[in-house]
Amino acid sequence: MTQSIRICESTGLKIFSTRAAKATEKIAGKGYSPVADAALTSLPPPPAGAVFNAEEQAKYRSYKEARRGAADYMAMEGTFARYLEDVYSAPPVARDPLTDSCEILVVGAGFGGLLLWHKLRDAGFNDVRFCEKGGDVGGTWYWNRYPGIACDVEAYSYLPLLDDMNYYPTMKFASGFEILEYCQMMAERSGFYDRCLFHTTVTQTTWDEATSQWTVHTDRGDAMRARCVVLANGILTTPKLARIDGMETFKGESFHTSRWNYHVDLTGKRVGIIGTGATAVQVIPEIAKVVKTLHVFQRTPSTIDVRDQRATTPEEIDRWSREPGWAKARRERLAMISSGRTALQGNDDFLSGRVDVFKPTRKHERQLSPDELMAKQLNTNFRIMEQIRARVDAIVKDPKTAAALKPYYPYGCKRPTFHDEFLPTFNLPHVTLVDTAPGGVGRINERGVVHDGIEYPLDVLIYATGFQWMATSTFNMTRGRGGRVLREKWQDEGVRTFLGLHSHGFPNLFIMSGPQGGGGQFNFTRGLEAHTDYVVWMLKTMRERGATVVDITRDSEIAYATHCREADIRTAAFRDCLSYYNGEGNAEPGSLAYYGGPEQWHKLRMAAQKSLEPYVFGPPQA
């Protein structure tokens, strides 16, 4: 047995030491800084009388239809496989393959895995093992370390276990580098590192009916058996590339933002970046400060909302230090806000408990019909988007550039973005927006990008083309009863789960933050709290009942999938655009995200936990 694996004398369980060293000290950075200019930290007032009328609706539809079919993405294979290499850690720690057994095996060491371990440990589950493809904890915050990275939800509500850790984020919207260090702190204090196999990618998970166990194979030669498997590897974990003719011919440096190459010095370089989504919005202002020229290639603009970043004050830290449970209380208050934009902005007076309501409740003279209520909400959404577009005109000096940066779709239909330095960046003389709407970049050659017959010579090309949504490769590698692959089941029958956590025919498998999963709102962490609580509840229930197996009935998942479909269709007007949320317009309603709302999801969850009707518990092993 190698030094990276040893036996704990008191428990007899294996203890691992596989955390990889940092690849280079060049990997360092910060998030976005506060901006003092009030003109950049506020939206223009809503236009008087703005209504989402037939003319405006037609404009939105035209904007959407012009882009239909333009999104063409490819897997990072062959020439592009290098874009998936781990550039953040030293080579994997050597260890022997494992062919032993454990009670619970968890895939992933991000927020989900860390939070789940905290709760499992407290519930008395110690025989727990984690597999993580990266060299350290952090999940998305391990892989994404680009300049300017920061969380979009206020850190006080986003970071888990702040109360337990006695930690106070330094900024309201903490840097990704601070978040990664916080994840490492959580892992160190909880003993997580002893439980985790890093640089270990699960390649196949197969259910054995005879033994009521999963066998988990990895790229390190492991064939570990586990009674229960939890998939906690996230919803945006697999990077994607836009498919562009000639990509492989480019002779300069190139990389994807999820594997930022800190060995490439951008100072004084001619740099191009493809994409203007949530990542690029944070990257562009930072790299514009050092490059010689920056060309931004945009197909569809994002909504650039106000960020209004600020530092955490000593007064806040003093007050919170005297309020047990302050962070969880704040997170729950955030969940009470139904408006996505209001929640993501984060009203400090309400969230801190200084006022009881975040805004006065409007009362109507009569009860509105569903159609009237929908029209009213769409009008409100439209006015917000008018403010977003007016902000572009107020900041960006060049009219042509400003016109290209204005989005025409409902707020929240694509992932909202926030920044106070992004728009001003396009006023800099060395920064150029190349509008590639509606079809995207035409071609790449050995010298750079070619679009509309114009060549843009580049030294460095950066792909900010995002991630596959709800498409973790683990679904392709999980074989349940009868050898059926989870992805194939969903392709044949449509996506069917119960609460997003179970799928019939895949006993003792729990899917956290997967398709149809609910429980949260605009704050991903709240959903993880609900999912981890549920997993621990189920494991305790099995323990109390003496059961070794749990599955769900086919009827329960059919009913839940039907509910997901109906909720998606009912609220579709608010998402009338093409985005990864709806598979670029190709996903079946209800097959990806959950649109029934956290209140309804929790209602269904609590009913199931009370009655236990959806579950089929298996007897103890002979």
Side-chain angles (χ1 to χ4, degrees), residues 231 235 335-336 338-340 343 369-371 373-374 377-378 410 412-413 469-472 475 480 486-507 509-524 526-535 537-538 541 550-576 579-583 585-617:
L231 304 182
I235 56 178
M336 294 168 61
S338 60
S339 164
S369 69
D371 287 344
L373 184 60
M374 176 73 72
Q377 292 172 326
L378 287 172
C413 185
W469 171 254
M470 297 289 182
T472 174
F475 299 153
L486 183 57
R487 177 74 72 192
E488 292 175 355
K489 174 192 173 181
W490 289 345
Q491 289 173 343
D492 294 341
E493 302 178 1
V495 176
R496 290 180 182 173
T497 73
F498 182 65
L499 300 176
L501 285 148
H502 300 268
S503 191
H504 174 71
F506 294 81
L509 178 73
F510 305 95
I511 307 167
M512 287 172 40
S513 303
Q516 301 179 342
Q521 192 198 27
F522 310 102
N523 184 359
F524 180 65
R526 187 169 186 264
L528 281 178
E529 283 192 326
H531 286 190
T532 51
D533 282 344
Y534 177 89
V535 170
W537 166 82
M538 177 54 76
T541 300
V550 65
D551 200 353
I552 53 161
T553 65
R554 183 180 296 275
D555 287 347
S556 66
E557 77 169 11
I558 290 174
Y560 182 74
T562 301
H563 160 68
C564 291
R565 179 182 179 85
E566 292 172 348
D568 193 342
I569 293 172
R570 185 171 60 250
T571 58
F574 299 108
R575 301 182 302 280
D576 191 16
S579 72
Y580 62 67
Y581 290 138
N582 59 17
N586 299 315
E588 283 294 314
S591 65
L592 296 177
Y594 178 73
Y595 294 109
E599 183 177 351
Q600 181 63 28
W601 186 88
H602 282 290
K603 181 179 178 180
L604 294 169
R605 172 190 60 77
M606 289 187 292
Q609 290 176 311
K610 182 178 180 180
S611 71
L612 298 182
E613 290 179 1
Y615 309 112
V616 180
F617 292 99

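This one's a predicted model, so the numbers in the text were calculated from it and none came from an experiment.
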(message) Let me confirm one number: the CZ-OH distance from Arg575 to Tyr595, rounded to the nearest 0.5 Å.
(response) 4.5 Å
(message) Once salt bridge (Lys or Arg N to Asp or Glu O under 4.0 Å) is applied, do any residues pair with Asp555, and if so which ones, sequence neighbours excluded?
(response) none
(message) If you define the side chain from C-beta out and look only at heavy atoms, does anything of Pro614 sit under 4.5 Å from Tyr560?
(response) no
(message) When you compare the side chain of Val550 with that of Thr541, does any pair of heavy atoms fall below 4.5 Å?
(response) no
(request) Say whether, by atom type as modelled, one donor and one acceptor occur between the side chain of Ser591 and the main chain of Val495 under 3.5 angstrom. (result) no
(request) For residues Ser556 and Ile552, report the shortest heavy-atom separation together with the two atoms involved. (result) OG-CB, 3.8 Å
(message) For Tyr534 and Met512: C-alpha separation, side-chain torsions, deciding distance, then whether side-chain contact (heavy atoms from CB on, under 4.5 Å) applies.
(response) CA-CA 10 Å; Tyr534 177 89; Met512 287 172 40; over 6 Å; no
(request) For residues Cys413 and Asp576, determine if any side-chain heavy atom of one lies less than 4.5 Å from a side-chain heavy atom of the other. (result) no
(message) So does Leu501 get a backbone contact from the side chain of His531, meaning a donor-acceptor N/O pair under 3.5 Å?
(response) no
(message) Looking at every heavy atom in both Pro515 and Trp490, which two are closest together, and how far apart are they?
(response) CG-CZ3, 4.0 Å
(request) Find the distance between CD (Glu599) and NZ (Lys603) and round it off to the nearest 0.5 Å. (result) 8.0 Å
(request) Check salt bridge (Lys or Arg N to Asp or Glu O under 4.0 Å) between Arg605 and all other residues, then give those that pass, not counting sequence neighbours. (result) none
(message) Going by the rule ring-ring contact (aromatic ring centres under 6.0 Å, His included), which residues pair with Phe510 if we only count those two or more places apart in sequence or in a different chain?
(response) His502
(request) Please report the closest heavy-atom contact between Ser503 and Arg496, naming both atoms and the distance. (result) OG-O, 3.2 Å
(message) So does Ala530 get a backbone contact from the side chain of Asp533, meaning a donor-acceptor N/O pair under 3.5 Å?
(response) no
(message) Do Ile558 and Thr562 make a side-chain contact, defined as non-hydrogen atoms from C-beta onward lying under 4.5 Å apart?
(response) yes
(message) I'd like to check Asn582 versus Leu592 (side-chain heavy atoms, cut-off strictly below 4.5 Å). Are they in contact?
(response) no
(message) Let me confirm one number: the CZ-CG distance from Arg487 to Asp492, rounded to the nearest 0.5 Å.
(response) 12.5 Å
(message) Run the side-chain contact (heavy atoms from CB on, under 4.5 Å) test against Asp551 and tell me which residues pass, sequence neighbours left out.
(response) Arg481, His504, Pro507
(request) Decide if the gap between the ring center of Phe498 and the ring center of His563 is smaller than 6.0 angstrom. (result) no
(request) Kindly give the heavy-atom pair with the smallest separation between Leu499 and Trp601, and that separation in Å. (result) O-NE1, 3.2 Å
(request) For Pro589, check side-chain contact (heavy atoms from CB on, under 4.5 Å) against everything at least two apart and list the hits. (result) Arg565, Asp568, Ile569
(request) With sequence neighbours left out, write down each residue that passes salt bridge (Lys or Arg N to Asp or Glu O under 4.0 Å) with Arg570, or none if nothing qualifies. (result) none
(request) State, yes or no, whether a side-chain contact exists between Cys564 and Tyr594 at a heavy-atom distance under 4.5 Å. (result) yes
(request) Might you point out which heavy atoms bring Thr553 and Glu613 nearest each other, and give the distance in Å? (result) CG2-O, 4.1 Å
